[in-house]
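Structure record follows, encoded as structure tokens.
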Amino acid sequence: MKNNKILFLIFHAFVIFLTLLIIGIHIKIDNSDRMKFLEMTLLIIYAYILFSAKIYLDWLNSYMIFLYTLFLFNFTRVLLDLIGYREFGWATKFANYYFYYNVRNEILFVFILVLLFTHLGFIISIQNEENLALKVKLESRPFFTQIGVFLFIVSLPGILYKMLLQLRLILKVGYEAYYTGVLKDIDYPFFTKGSGTIMTIGFLLFLISIPSKKKFLSVSSLYLFVKLIDSFKGARSVFLTQLLFIMWYYYKVYGTKIKFSTIIKLGTFTMIFSQVLVSIRSKKIFSLDLINGIFSFLHSQGVSYLVLGYIIDFKSYVLESKTYPYIFQGIFGFSPQSLETLKNTNSLADRLTYHLNPSAYLKGEGIGSNYIAEFYDLGYIWLILGSVLLGYIIIKYERYVTKSRFLLLTSIYFIPNLFYIPRGSFFGGGLIKNMSFFIIIYFIATLLENMYFRIKGEYNDRKKALLHLDGK
């Protein structure tokens, strides 16, 4: 199958046809038997997709990591139901009731469609690709490395002190307040102003400079340390998505092969880190019960399927409350949770959380979002087309990022967002704002680079002329 991609495409088309046929002729009554059948079908398809993708890709290819997070945030409760840990369909977030079987079964059917057609896009995208393990081919730019490291180091004292002030406030008012915009009320010292932006610019320039492996490991370790401190405000994704991005960059730029054992260690660290952070946040003692700890982690992380469940369950409200498709809100960005935000936003997460529990919403709690739910909101045709395009674009981005410094610059936004969309909005947290920022940074960096080489060239020409006058 690896050497005959056309055959793989035909085989997968047959898998789609056979799966839909079997689901169509299986008992159509929405009951527990149909749910168990769909659960088994979903996990078998996921295993097939993960295995077949691994034939072509390394463990840290962005498509592979996307599959890991897709399972973690959406399919884990399906697995836990099949092994008898906890029943699938329990709406644990704000509602505390069980979805009817027709809702549960539609959730599972949508998940199956998303998997099958995303993988179809992947298979289409690899048809003309000879090498799917391409390294970044860009030349190193020491000029960018030096400027990037300088800006990054200069910003560290300010950003760390700023985070300390934020953490102190969060510990005082509670984790949920993080999402209400309370951090804007802090009176920050002058030397902290703009430190976050300076650090980001410095790190971006550092990344596109293609630094030496040693320098990358040193600076990225400091960067992750900053993100680790930032995550103690309560948002685990701040650190974990950046950790995955750093590992992806390391694999993509330096071509370092990652063993399966490393993936297991990464998964173990993620589980422990998440559970410790939850324990700190909820002021509970961290449990050392390994089996229950694993099950508890999987159950807590699998909460994002509820977004799709609620959007199916509250179809009439969902249709009435939006001014345009929910998926487009990520293009414009999101605002802190408030009644004022509700008047202006078209965010699925905001509207759904407020509908479920208004008081919890105003305190800063939330259900989050889910790109699958946003696709579902567009209708089944766009759900299928969007899934195919997603699978296709992931692989094409993996290819072209190896040849474009601008795409490598944007990877700090697109790659972590790709890993998080099973729990967030498809376009992330402000596509227009971030792309404008990247374009400006790239333009200035290119301008500085041209000026640097022009000055350097004129200096070398003058030096050669002086050597010639000296008779050398």
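All values derive from a computational prediction rather than experimental measurement.
The nearest pair of heavy atoms linking Ile198 to Ser155 is CG2-CB, 3.8 Å. Ile112 and Leu38 make their closest contact through CD1-O, 3.9 Å (heavy atoms, listed as atom of the first residue, atom of the second, distance). Contact record, Leu82 with Met40: CD1-SD, 3.8 Å, taken as the closest heavy-atom pair. Taking each heavy atom of Gln301 and Thr76 in turn, the nearest pair found is C-OG1, 4.4 Å. What you find for Ala445 and Leu205 is that their closest heavy atoms are CB-CD2, 3.7 Å. Between Tyr326 and Asn346, the closest heavy-atom pair is CD2-O, 3.0 Å.
Contact annotation: the side chain of Ile208 never approaches that of Phe406 to less than 4.5 Å [non-hydrogen atoms, C-beta and beyond]. Between Leu243 and Phe269 there is a side-chain heavy-atom pair separated by less than 4.5 Å. With contacts defined as side-chain heavy-atom distances shorter than 4.5 Å, the pair Met64/Asp58 does not qualify. Side-chain contact between Ser411 and Phe245: present, with at least one pair of heavy atoms (C-beta onward) separated by less than 4.5 Å. Within the 4.5 Å cutoff, the side chain of Glu374 has no heavy atoms near those of the Ile311 side chain. Annotation: side chain of Leu20 is in contact with side chain of Phe109 (closest heavy-atom distance under 4.5 Å). Counting heavy atoms from C-beta outward, Ile159 and Met163 have side chains that approach closer than 4.5 Å. Within the 4.5 Å cutoff, side-chain heavy atoms of Leu70 are placed close to those of Ile372.
Under the 30°/60° scheme for interplanar angles, the aromatic rings of Tyr371 and Phe375 are found to stand perpendicular. Below 30°, between 30° and 60°, or above 60°: for Tyr376 and Tyr380 the angle between ring planes is above 60°, a perpendicular geometry. Ring geometry for Phe75 against Phe71 counts as perpendicular: the plane angle is over 60°, on a 0 to 90° scale with 30° as the lower cut. The aromatic rings of Phe152 and Tyr223 sit tilted, their planes meeting at an angle between 30° and 60°. Using the six-membered ring where Trp is involved, Phe99 and Tyr305 have ring planes that are perpendicular, over 60° apart on the 30 and 60° scheme. Under the 30°/60° scheme for interplanar angles, the aromatic rings of Phe328 and Phe427 are found to lie parallel. The aromatic rings of His299 and Trp90 lie tilted to each other, with the angle between the two planes from 30° to 60°.
In this structure, NE2 in His119 is found 5.5 Å from NE2 in His12, a value given to the nearest 0.5 Å. Distance check: Phe11 CZ to Ile16 CD1 gives 11.0 Å after rounding to the nearest 0.5 Å. Leu57 contributes atom CG, which lies 7.5 Å from atom CD1 of Ile126 (distance to the nearest 0.5 angstrom). Going from atom OG1 of Thr145 over to atom CD1 of Ile210 covers 8.5 Å, rounded to the nearest 0.5 Å. Of the inter-residue distances, the one linking Leu60 atom CG with Thr256 atom OG1 reads 10.0 Å to the nearest 0.5 angstrom. For the atom pair Leu67 CG and Ser62 OG, the distance stands at 10.0 Å (nearest 0.5 Å).
Because its NZ or CZ atom is both nearer than 6.0 Å to the ring centre of Tyr101 and within 45° of the ring axis, Arg104 counts as a cation-pi partner of that residue.
Listed by chain and residue number, nothing satisfies the salt bridge (Lys or Arg N to Asp or Glu O under 4.0 Å) test with Arg405 (two or more places apart in sequence, or in another chain).
No side-chain N or O of Tyr420 forms a donor-acceptor pair with one of Ser425 less than 3.5 Å apart. Glu398 and Trp248 form a side-chain donor-acceptor contact under 3.5 Å, judged by distance and modelled atom types alone.
None of Ile415, Leu244, Leu408, Val136 except one satisfies the side-chain contact (heavy atoms from CB on, under 4.5 Å) rule with Tyr249; the exception is Leu408.
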query: What do the steps show when you test Tyr254 against Phe216 for ring pair (Phe, Tyr, Trp, His ring centres under 6.0 Å), and what is the final call?
result: CA-CA 10 Å; Tyr254 305 108; Phe216 172 74; 5.6 Å; yes
- request: In sequence, state the C-alpha distance, the side-chain angles, and the governing distance for Glu129 and Lys396, and then conclude on salt bridge (charged side-chain N to carboxylate O under 4.0 Å, His left out).
  value: CA-CA 9 Å; Glu129 302 292 342; Lys396 293 305 178 186; 2.8 Å; yes
- request: Check the pair Phe419, Phe66 against ring pair (Phe, Tyr, Trp, His ring centres under 6.0 Å), reporting the backbone distance first and the verdict last.
  value: CA-CA 5 Å; Phe419 302 156; Phe66 167 71; 8.5 Å; no
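Ring to ring, Phe8 and Tyr56 are close: their centroids are under 6.0 angstrom apart.
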